[in-house]
Amino acid sequence: MNSQTIPQARLVNLDIIGGDMGSLVVLEKASPVPFDIFRTYYIWNVPKHAPRGQHAHYEGQQFFICLRGSCRFSCDNGYARHDFIMDQPDKGLYIPAMVWGEQEYLSDDTLVLVLADAPYDDNDYIRDYKTFMDLTTRKIN
Ligand code: TYD
């Protein structure tokens, strides 16, 4: 595997339909989300600055939208870390498998919508950072 194929998170612009009477974004099957949506959940009431996430998935892909408030997403593929400040409902963050994600909620009213490509499976989680680093290094070298 060369460096160009190391998975990393990326922002996706979401098309807005609407105008003076309001805005609407459509998420449908695999558009513009880059996978078929299987599961949806949302998170709110997280204490400001408390860490969430702190895991990677072996296979699961996820797509995050900050519907209200703001949230810092730190995404680490074992070689590089990128921070994304999410504070617009017309921006999505795609996090592929084998990317370590941590979230810091930056305001009390933050509401985050998450779309996933598979059923919940605790066995798909990598919750130990050292294990994650060992796996990503082994995969690439
Ligand atoms: P988790 O994915 O660890 O949340 P975060 O990454 O935001 O900290 O999930 C928190 C808890 O919710 C954990 O006990 C598992 C449970 N959970 C489900 O039962 N089903 C789901 O689809 C998700 C996402 C979580």
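Remember, it's 1-based here, ligands and their atoms both numbered in the order they're listed.
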Can the ring centroids of Tyr125 and His57 be said to lie less than 6.0 angstrom from one another?
-> yes
May I ask you to check whether Ile43 has an N/O atom sitting below 3.5 Å from an N/O atom of ligand 1?
->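 No, no N or O pair falls under 3.5 Å.
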Within-cut-off N or O pair, Arg39 and ligand 1, under 3.5 Å = yes
Just need the protein heavy atom nearest to [atom], so name the residue and atom and give the distance.
atom	value
atom 6 (O) of ligand 1	His55 CE1, 2.8 Å
atom 3 (O) of ligand 1	Arg127 NH1, 3.5 Å
atom 4 (O) of ligand 1	Arg52 NH2, 3.2 Å
atom 9 (O) of ligand 1	Tyr125 OH, 4.4 Å

Would you say [X] and [Y] are hydrophobically clustered, going by side-chain heavy atoms of ILVMFWY under 4.5 Å?
X	Y	answer
Val112	Ile37	no
Val114	Val46	yes
Leu93	Ile43	yes
Leu115	Val25	yes

Out of curiosity, Met98 CE to Ile126 CD1, how far, rounded to the nearest 0.5 Å?
->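 So the gap between those two atoms works out to 4.0 Å.
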Separation of Asp36 CG from Gln61 CD (nearest 0.5 Å) =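 Reported value, rounded in 0.5 Å steps: 9.5 Å.
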So is Gln54 in contact with ligand 1, going by heavy-atom distances below 4.0 Å?
->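 Flag not set, Gln54 not near ligand 1.
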So among Phe73, Tyr41, Phe84, Tyr94, which one has a ring pair (Phe, Tyr, Trp, His ring centres under 6.0 Å) with Phe64?
-> Phe73
At a non-hydrogen distance cut-off of under 4.0 Å, which region of Val114 contacts ligand 1 (side chain, backbone, both, or neither)?
->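 Near ligand 1, Val114 shows nothing, with every heavy atom at 4.0 Å or more.
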Sub-4.0 Å protein heavy atom near atom 20 (N) of ligand 1 =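 Yes, because at least one protein heavy atom sits under 4.0 Å from atom 20 (N) of ligand 1.
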Distance below 4.0 Å between atom 11 (C) of ligand 1 and any protein heavy atom?
->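 No, there is no protein heavy atom closer to it than 4.0 Å.
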Kindly identify the option in Phe64, Tyr120, Tyr42 whose heavy atom sits closest to atom 17 (N) of ligand 1.
-> Tyr120
